[in-house]
Amino acid sequence: MAWEVVIGLEIHAQLATKSKIFSGASTAYGAEPNTQACAVDLGLPGVLPVLNKEAVRMAAKFGLAIGANVSRRSVFARKNYFYPDLPKGYQISQMELPIVETGQLEIELEDGSSKIVGITRAHLEEDAGKSMHGDFHGMTGVDLNRAGTPLLEIVSEPDMRSAKEAVAYMKKIHSLVQYLEICDGNMQEGSFRCDANVSVRPAGQKEYGTRAELKNINSFRFVEKAIDIEVERQIDLIEAGGKVVQETRLYDSDKNETRSMRSKEEANDYRYFPDPDLLPVVIEESFLDEVKSTLPELPDEKRQRFVQAFSLSSYDAGVLTASRELADYFERVTQVAGGEAKLAANWVAGDLMGALNKVGQEITESPVSTEMLGGMIKRIQDNTISGKIAKEVFEAMWQGEGDADTVIDARGLKQITDSSAIEPVIDDIIANNPGQVEQYRGGKDKLFGFFVGQVMKATQGKANPQQVNELLKQKLSG
Ligand code: ADP
Ligand code: MG
């Protein structure tokens, strides 16, 4: 039996405002517990929430970027439930009238195809505090610093059909919110996390199957693994005659399994109602125009421009525009290097990204600056060094030996382009290998590589490869 997987994501992006969504307390990460929670965040009696305009601006910016409808009127609602890290006994969120409705996003898949994912809505809400279960001698500590932090919850349509598509979508949103500068995207600190809704249905069936919701996943790798393992569980269950129940499940990355947290029957009835302490949010055209004017070049636009301006493949352009910082880095390198952008693209996306990934560093932390890499590529293009020697130069720059010219000088890596210097080397090699020469002349073409290797060895890789080829051909043929 063939099964089709159906996935919808709810992504929580923490908005990068300085203060909280309904109070003036700071949102900075990492402060001592309970030093950044004011009377409003603590839910003390008699205090009133005041909406942070910056949060509204950021939500509107997101709505515009995904071609959505930014609601001219949205309403905050109370979502009631009891939990120790929720001091008011309710979370302020948006229910019936969210600030953003019906947008979409195009995602690119590994096979080069692309696909549109619908975005049902995005609404503003406040985060809860944090319960800490270690270090308290059998008790639980509560840190309310995070209470009242603004979140944008982005809800997709159930449009994804594999874990890979879900990851591609999540990455795209992750990149977009950072381009828009509305979220720092820091997943370790919990600024960007998602709930994955997963169901399966027999291929060809129209109705969706019953879904399970996998809560609070904060890495791309875990989203993929959690979905894959959950799909496997559901299919096994159905094929054994069982039924999937609608429930919330937790992904345990240590055991690579999902476990039930609560079923639909035990699910909370949140008794949503409009928050009487907050007025509806009314957005005027002038405000929206102002927000529109702050929109940066978006990832898809940048990608298209890279394809056209630099003659890059759509794939390469996609890699290089994955983050704004990387795109900026690449553009600067092409400026410094001049010439073919393809060469700069290869160095940035290949060697540099590879080296950074190896040590787990971001492009912004690269020990090789744009000026250094651009300067090195310039030396490849003007034939001072070969592409192969450039690998050594790059490694030396990475280790802090200075810029390309300094390294080339200090290590004597200048390419030998003077044919009167290469010729005697070739003559020697021909004289010392009469057997190979005879075989080559007798038709064993493959031996050409042997001679090239010998010349390179004798010149420590510094002979210009093109010249070596030409001179060898001449001399060997006669
Ligand atoms: P709730 O209000 O219970 O959170 P929603 O209808 O808002 O449910 O859907 C939440 C998320 O679940 C959305 O991202 C949606 O696309 C997804 N979803 C809904 N039904 C299914 C299904 N059968 N399989 C997978 N995902 C689903
Ligand atoms: Mg939901």
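Read the numbers this way: they start at 1 and go in the same order the structure lists the ligands and their atoms. Along the sequence shown, residues are numbered consecutively beginning with 1.
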Any salt bridge between [X] and [Y], counting N to O under 4.0 Å?
X	Y	value
Arg233	Glu257	no
Arg78	Asp277	yes
Asp85	Arg146	no
Glu4	Arg161	yes

Can you list the ligand 1 atoms lying under 4.0 Å from a non-hydrogen atom of [X]?
X	value
Pro158	16 (O), 26 (N), 27 (C)
Leu9	14 (O)
Tyr208	23 (N)
Glu10	4 (O), 10 (C), 11 (C)
Val6	24 (N), 25 (C)
Gly209	23 (N)

Open item on the list: Given Val244, Asn197, Thr248, identify the one with the heavy atom nearest to atom 17 (C) of ligand 1.
Closed with: Asn197
Open item on the list: Tell me the nearest of Ala212, Ala196, Ser199, Cys194 to atom 22 (C) of ligand 1, using heavy-atom distances.
Closed with: Ser199
Would [X] count as being in polar contact with ligand 1, using the rule that some N or O on each side must be under 3.5 angstrom apart?
X	value
Val155	no
Ser156	yes
Thr210	no
Arg211	yes
Val198	no

Open item on the list: Whether the Thr248 and Glu213 side chains hold a donor-acceptor pair (N or O, under 3.5 Å, no angle test) is what I'd like checked.
Closed with: no
Task: Asn197 versus Arg211, side-chain donor and acceptor atoms under 3.5 Å - done: yes
TODO: Hey, can you tell me if Trp347 and Phe394 have their rings parallel, tilted or perpendicular (30° and 60° cut-offs)?
DONE: tilted
TODO: Please state whether the rings of Phe310 and Phe330 are parallel, tilted or perpendicular, taking 30° and 60° as the class boundaries.
DONE: perpendicular
Task: Residue of the set Lys79, Lys20, Lys88 for which side chain to side chain donor-acceptor pair (under 3.5 Å) holds with Glu126 - done: Lys88
TODO: Please state which part of Glu157 comes within less than 4.0 Å of ligand 1, counting heavy atoms only: side chain, backbone, both or neither.
DONE: backbone
